[in-house]
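We name chains A, B, ... by the order of the sequence lines, and we start the count at 1 in each one. Basis for what follows: all heavy atoms, side chains included, without hydrogens, waters or symmetry-related copies.
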There are 2 protein chains.
Amino acid sequence: MSTDLQNRRIRLASRPHGEPVPSDFLHDTAPVPSPGPGEALLRTLHISLDPYVRGRMNDAKSYAAPMEVGDVIVGGTVSEVVESADESLAPGDVVLGYGGWQEYSVEEVAGLHRLDPAAAPVTTALGVLGMPGFTAYAGLTAIGKVQPGETLAVAAAAGPVGSAVAQIARLRGARTIAIAGGERKVALLEELGVDAALDHRAPDLPGRLAAAAPDGIDVYFENVGGAVWDAVLPLLNEFARVPVCGLAANYNATSLPDGPDRSGALMGQVLAKSLTLRGFIQREFAPTMFEDFQREMGAWVASGEVRYHEDVTIGLDRAPEAFVGMLKGRNLGKALITLD
Amino acid sequence: MSTDLQNRRIRLASRPHGEPVPSDFLHDTAPVPSPGPGEALLRTLHISLDPYVRGRMNDAKSYAAPMEVGDVIVGGTVSEVVESADESLAPGDVVLGYGGWQEYSVEEVAGLHRLDPAAAPVTTALGVLGMPGFTAYAGLTAIGKVQPGETLAVAAAAGPVGSAVAQIARLRGARTIAIAGGERKVALLEELGVDAALDHRAPDLPGRLAAAAPDGIDVYFENVGGAVWDAVLPLLNEFARVPVCGLAANYNATSLPDGPDRSGALMGQVLAKSLTLRGFIQREFAPTMFEDFQREMGAWVASGEVRYHEDVTIGLDRAPEAFVGMLKGRNLGKALITLD
């Protein structure tokens, strides 16, 4: 059974080798199916672009199952209900779902969350009040355990996770060092009131980071990997905590970098400084912390104590280029596609 | 002020480059100083040989300050009180101290622990009931958090830390895989009743380890690094914990190994499997856990539920060769020097 609607969508045409290219994406149109029992037909308003989706394009085991070639590209969405087979949702309701890169989706009502457009702009459900904001909150609270007077560093700090990390750490009384690429992002970070905003593209990041962290670094929120991590590691204090939530610098890598092999030396630092490295995905903490997050972060956003930025691209067809740009760090704030 | 006694001692003649050689050690004799207020003069009975001492011979910042060239080589000791300026200790008492590689030491009474030779052989204070045993207990309890039904792997399992790890894990209901080098050690581990005892020198450790861990590995107690870690990493389950207490395979390394650089791939595994890597030194946990350890481990040793082995070398002068042999894994059980 299908409706009379036609669904424009973007599917995975081939697994990218390194950086995704246009031919990895297939744009097509298909009839929109009718919702079955317990399902709703949704029209997509906004699509979230997130780095983890690059990992799901690979045929490699990670924390999420890979997409199959031919699948609609996955992603969180804010949508309007067109038709619902479940009485808990009515046409016109706005919901948070996981519709991916398409104009329409049919989703199970049980997996949708109705949003209140009067409480906060609905796009915040994809950013500061959604998965990225909760990633920051949970990683800092459960793993980083940042304390007043400690020093925290975070990279990709102009992005939705990093920006929330920096602001939550500052609200919890930590000295906060925010690292991002380019003058425009550094200006944004200075506006947020961090203690130091560093451009990782300018010369001598290790020297500038050491100067910004005279007492060393107690918490490093790992979003990026690569050269920033290399600069942070020697500055970590004894008992420092490293929540590892992303390694964006590596996502397009196709082979291991040249030697020497520093993996043993990394373990040596873990031992010598009693470091904690802890990978995590926010969903691990959702059952125990999501309510606290909604209450606390909702109040901070409402009061303006936590601010957020969005980087909106208009039009479904531009999702691939916006996605690749985000992987390169071209976005300023949360990367979104708003459908036209 | 000095006594009439002459003190034979072994000092650091030069910082070793790689494996220590005889010329790195200076054997000499000096007058024994008299104890001052709050001090005691001790005659060394047994000296503990431990891998961490190799790290302290380097001029590199680690969890302990390096020794200086000319210092007596450090080490835990069991000694007899010769003379005490503090009434809490009497001549003839046997104490646990930190006298190092010498026949006599003068130590602060506040840092000494009187031992009860009737309760357990006094050498156990350097092994299963001392620092190595507590390292095993604290790392497993506070970081490994091993649960009944989980799978634990430990390397250097014929050594004093690894052997205690394997036996405590088994007592806590975990499937226990013990790894050591050579048939003699494997035979000892089989005698201890582990679920699998593997020789890391035999061919195809990765394949044999995978066969021994059909449900993956939940806790890996890291004592060694190197090829064993390489075999363990792919088998770690989601949320696996890795207490990092030693990296014996690297202690004599003088440069980084050839590439490719796998440090980023290691971080990728931390992320993909939500791993916890946590370096530690037992003293971090002594204030909160040492009493529990003494009670629980003391009972297990007394009942025979935990067994231990000692590898005793007679004579102070043989300490350097026994130390180098221990770094190469030639000891079977706790490496000790007993003075003649």
Side-chain angles (χ1 to χ4, degrees), chain A residues 51-52 55 58 60-64 139 142-143 220 222-227 229-230 233-234 236 238-251 253 255-285, chain B residues 51-52 55-56 58 60-64 139 142-143 222-227 229-230 233-234 236 238-251 253 255-285:
Chain A
Y52 76 87
N58 293 338
K61 192 182 169 186
S62 182
Y63 48 81
I143 302 168
Y220 173 58
E222 177 60 295
N223 251 326
V224 169
W229 171 232
D230 292 343
L233 185 56
L236 291 177
E238 193 179 16
F239 303 123
R241 289 82 66 196
V242 181
V244 180
C245 116
L247 295 165
N250 306 345
Y251 287 164
S255 64
L256 294 175
D258 287 343
D261 182 6
R262 300 181 301 165
S263 60
L266 171 55
M267 293 297 281
Q269 288 296 296
V270 169
L271 175 60
K273 299 203 268 195
S274 293
L275 304 181
T276 299
L277 309 188
R278 171 64 150 87
F280 77 104
I281 309 301
Q282 47 81 28
R283 64 171 181 239
E284 174 185 352
F285 301 107
Chain B
Y52 75 87
R56 295 193 59 181
N58 293 338
K61 193 183 167 184
S62 182
Y63 48 81
I143 302 167
E222 176 61 296
N223 250 327
V224 168
W229 172 231
D230 293 343
L233 185 56
L236 290 177
E238 194 179 16
F239 303 122
R241 290 83 65 197
V242 181
V244 181
C245 118
L247 295 165
N250 305 345
Y251 287 165
S255 63
L256 295 174
D258 287 343
D261 182 5
R262 300 181 300 165
S263 60
L266 171 56
M267 293 297 281
Q269 288 296 298
V270 169
L271 175 60
K273 300 204 268 196
S274 292
L275 303 181
T276 300
L277 308 188
R278 172 66 150 84
F280 77 104
I281 309 301
Q282 46 80 26
R283 64 170 181 242
E284 174 186 351
F285 302 107

- Task: Using a cut-off of under 4.5 Å on heavy-atom pairs, state which of L266(B), V270(B), V242(B) scores highest against chain A.
- Result: V270(B)
- Contact class of L275(B) relative to chain A, heavy atoms under 4.5 angstrom: backbone
- So which of G279(A), G259(A), P257(A) has the largest heavy-atom pair count under 4.5 angstrom toward chain B?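 The option with the most such pairs is G279(A).
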What closest approach, in Å, do [X] and [Y] show between heavy atoms, and which atom pair accounts for it?
X: P260(A); Y: D261(B); value: O-CB, 3.4 Å
X: V244(B); Y: L271(A); value: O-CD1, 3.4 Å
X: R278(B); Y: S274(A); value: NH1-O, 3.7 Å

- Query: How about L277(A) and M267(B): do any of their side-chain heavy atoms sit closer than 4.5 Å?
  - Reply: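 In short, these two side chains touch, coming nearer than 4.5 Å.
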- Item | side-chain contact (heavy atoms from CB on, under 4.5 Å) partners for A142(B), two or more places apart | F285(B), M289(B)
- Task: Please list, chain by chain and in numerical order, all residues satisfying side-chain hydrogen bond (donor to acceptor under 3.5 Å, both in side chains) with R241(B), sequence neighbours excluded.
- Result: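 Here the qualifying residues are E150(B).
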